[in-house]
Amino acid sequence: MTIPSPRPTRRSSTEITVNNRNISRRNFLGLTAGAAGAAALSACGSSGPSDKAGTGTGAAATGTASYWSLSGPPGEAIRKAAIERFNAANPSTKISPLFFQNDAYKQKIKTALGAGEGPTMIWGWGGGGLKSYVEANQVEDLTDWFSQNAAVKDKIFPGAFGAATVGGKIYAMPIETVQPIVLFYNKKVFEKVGVEPPKTWDDIMALVPKFNAKKIAPFSLGGQSRWTNMMWLELLLDRSAGPEVFNKVFAGEKDAWSDPAVLDMLTKIQDLIKADGFVKGFSSITADSNADQALLYTGKAAMMVHGSWSYGIQQAQGGNFVKDGGLGFQNFPAVTGGKGDPSNQVGNPGQYLSISSKATPEAKDIAKKFFSTTLLDNDEINGWIKSGGVPIIKGSDAQLSSSPDAEYLKFIYDLSSNAKVFAQSWDQALSPTAADTLLDNIAKLFQLQVTPQQWVDNMNGVIGK
Amino acid sequence: MTTIAPPAVRKPEATTAGGGRSGSVSWMALPALLMFLAFGVIPLLGVLALSFATWDGIGEIRFTGLDSWKAELKDPDLLHSIWVTFEIMALSWLVQTPLSIMLGVFIASHKRYRGVLAVLYFIPLLLSAAAISITYKALLDPNFGLGSGLGIEALNQDWLGDSTLAMGVLVFVVSWQFIPFHSLIYQGGVRQIPASLYEASQIDGAGRVRQFFSITLPQLKYTIITSSTLMVVGSLTFFDLIYVLTAGGPGDSTRALALEMYQTGFQANLMGPASVIAVILVVVGLILAQLLRRLGGRGDESQLEGM
């Protein structure tokens, strides 16, 4: 509650005060990544003039660019390796990284940009968040750079640029992996109950009582995290009405949520909830703790709709579950009579790296060199493949077969490259203001605290905000 | 617990030996006052100014008059979160106060084993709210929690996923954490009561229960007010515990004012309306603290009249 203040002896009080300030500044920078980040910072501290590298935009930081991203496996190690490779290949310049936890990062980056203390390279999810940076003139327009470096652009999945584009201009480089949302299931549980994975929405509703009768939850869900619930809405609306409905919302058309397909979709979801389709207590389960994943690999739940990264978690935490072929995966089922193309995907079309418009020209050049070299090299591609991800780089499927998870990676690659539309998750596509209302109302919808009609009315209220 | 509590202050180095001979010591309040101004009053004024502005946290701050106030006061979520806050406040006061008084009286007596117990009771206070929340969240998990671990079906409730149960759990955890603290206050209060009062009542033939209600409780009046002020004002600003335990859920069943403020400001990027909530929090807190002070009556009356 209060910051513990050291009790200085009289003589050294000034020194300690200075230390204190350093510590609190580091806290502010959120050096939660711990030893790694601290080592990076002290490393650049020892190299003299690049002392201010941690804050990045500093004019004193000649030859140094800073990079902020997410901590945690598997991404952190791969990101760190890329930066080390770049620094080794370019000894005259230096990129210093800082890593933060997901939720903490979202706050830190906003505060830092607002205070003019942001990094040279801003890692993000594109879409609405990127749009708010653009509106605040915080990120560099990369359109010209991409047209001058067509080779770079051509290497990347074209679908990934949608969420990097604001008002027809590109403000971020798509990086890392494509992450569609798919339906995972526990094969052993399906065998035990003697049923087949669902092909349509009707199949899903028919499976629910069969699993419940055997005291197995039909679907696992980390409902407290809210975006987990949202994945259901995104996919179900796309399957039943196609991407047009949400595109209208995204474009800010008045009353765009009032489409009858939305009401129908929300009613379907509430029917599934009322039929006990989701695990008991789902609204107090968080996705961060991976308790929702545990339900699937322990066989307490039969199925789970989740982002493709779930595979890596099941593999790391589920013992021999994945190795023994226990984990099944398939495209989200179609809705009978639905207008949406079942090949459409929703999820993260990629991750994004922007360049701060406040960075020094030197730092910007370092960042651009990093973009066009290291981020596209084979080590980068292999790193992500090894982690169970599919890089957003064209033709990387050739390298997938060497992976022990080739079957799954091939599945994700095909799903992503065959998708007619790869839509971005709603909360990432919308502005933070609208996204908060969205997640709030989705939680209430799953709690049956609002009716579908109330949901539509509430959401119409924040269109375009 | 309170947002506006003045932070700890380092004493200025004594310049002259044997200070304190002069009459006025009001300068002693100066360091605390400066810190309070810098970290209490000035940010508060900043928040007040922001409540008349529109700001998304990274762009420009534009002053838009009463827009944020109008928008926020019309928002049904505000009323709901005020209701939730007062519900938590009332319930946790009702649970904590009787238990703390009883525990305080119990550990106040000078017997050795009670000292050991007092130390044990004190343990929850040493844990951080986040650690407590994570622990309880794991224990109460409907699928992997205490219930399924011990195989006791009755414990397998949807503790944090049901609106009523979640509120109950919240009040329980808050009480579990803070009862030791308030017991400590009451223990101190009880030890201040002159033993002669008890001796006199014993001669008059009063039993233990009668002593408790006729001497201990009335003598603890100011302690009760102090402890209640801390509870009431503290529960206005509960954040960490709720944030980790339920994140305001299920739905918005446990979303108290502080949480609503955080979500509005830092998730929806609406700094203006969030500042409005902050101002409301401060005003409500001040009013409540003042009311409780009034309850205590005039400060000059003695509790030891006739002694």
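Every value quoted in this text rests on a predicted model; they were computed, and no experiment measured them. Worth knowing before you read on, the calculation uses all heavy atoms, side chains too, and leaves out hydrogens, waters and symmetry mates. So that the names make sense, note that chain A is the first sequence line, chain B the second, and so on, each numbered from 1.
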Next on the checklist: Between A:Lys444 and B:Asp252 (salt bridge meaning N to carboxylate O under 4.0 Å), is one present in this structure?
Outcome noted: yes

Next on the checklist: Is B:Val244 in contact with chain A via its backbone, its side chain, both, or neither, using a 4.5 Å heavy-atom distance?
Outcome noted: backbone

Next on the checklist: At a 4.5 Å cut-off on heavy atoms, which part of A:Val450 comes close to chain B: side chain, backbone, both, or neither?
Outcome noted: neither

Checklist entry - Which heavy atom in B:Ser163 sits nearest to a heavy atom in A:Gln449, and how many Å separate them? => result OG-NE2, 3.8 Å

Checklist outcome for this item: Given B:Leu270, B:Leu245, B:Thr246, the one with more heavy-atom pairs under 4.5 angstrom with chain A than any other is B:Thr246

Next on the checklist: Salt bridge or not between B:Asp56 and A:Lys110? Use side-chain N to carboxylate O under 4.0 Å.
Outcome noted: no

Item to check | Modelled atom types, side-chain donor and acceptor of A:Gln447 and B:Ser253, under 3.5 Å | outcome: no

Item to check | Which portion of A:Phe446 sits near chain B, non-hydrogen atoms under 4.5 angstrom | outcome: neither

Checklist entry - Between A:Lys106 and B:Phe266, is NZ or CZ placed under 6.0 angstrom from the six-membered ring centre and within 45° of the ring axis? => result no

Next on the checklist: With a 4.5 Å cut-off on side-chain heavy atoms, are B:Lys137 and A:Thr286 touching?
Outcome noted: yes

Checklist entry - Got a second to check how far A:Asp436's CG is from B:Asn269's CG, nearest 0.5 Å? => result 9.0 Å

Checklist outcome for this item: Those residues at least two apart in sequence (or on a different chain) that pass salt bridge (charged side-chain N to carboxylate O under 4.0 Å, His left out) with A:Glu135 are A:Lys131

Item to check | Segment of A:Ala301 engaging chain B (4.5 angstrom heavy-atom cut-off) | outcome: neither

Checklist entry - So which of A:Ser431, A:Ala434, A:Ser289, A:Ala294 has the biggest tally of heavy-atom pairs under 4.5 Å with chain B? => result A:Ala294

Item to check | B:Leu160 side chain reached by A:Ile285 side chain, heavy atoms, under 4.5 Å | outcome: no

Checklist outcome for this item: Residue set satisfying side-chain contact (heavy atoms from CB on, under 4.5 Å) with A:Ser310, at least two apart, ordered chain then number -> A:Phe184, A:Gln293, A:Met304, A:His306, A:Gln314

Next on the checklist: Can you tell me how far apart CD (B:Glu60) and CG (A:Asn137) are? Round to the nearest 0.5 Å.
Outcome noted: 9.0 Å

Item to check | Pairwise side-chain contact, B:Asp158 with A:Phe282, heavy-atom cut-off 4.5 Å (strictly under) | outcome: no

Checklist entry - Side chain, backbone, both or neither: which part of B:Tyr262 has a non-hydrogen atom closer than 4.5 Å to chain A? => result side chain

Item to check | Heavy-atom pair count under 4.5 Å with chain B, highest-scoring of A:Ser132, A:Ser225, A:Gly223, A:Gly281 | outcome: A:Gly281

Item to check | Any side-chain heavy-atom pair of B:Pro142 and A:Ser284 under 4.5 Å | outcome: yes

Item to check | Proximal component of B:Asp141, with respect to chain A [non-hydrogen, under 4.5 Å] | outcome: side chain

Checklist entry - What's the verdict on side-chain contact (heavy atoms from CB on, under 4.5 Å) for B:Asn143 and A:Thr298, showing C-alpha distance, side-chain angles and the deciding distance? => result CA-CA 11 Å; B:Asn143 302 293; A:Thr298 55; over 6 Å; no

Checklist entry - Heavy-atom count around B:Leu79 CG within 6.0 Å, excluding the residue itself: above 12? => result no

Next on the checklist: So for A:Ala217, is it side chain, backbone, both, or neither that comes closer than 4.5 Å to the heavy atoms of chain B?
Outcome noted: neither

Next on the checklist: Please tell me whether B:Gln157 and A:Lys280 have a donor and an acceptor in their side chains that are separated by less than 3.5 angstrom.
Outcome noted: no

Item to check | A:Ser283 side-chain N/O to B:Pro250 backbone N/O, donor-acceptor pair under 3.5 Å | outcome: no

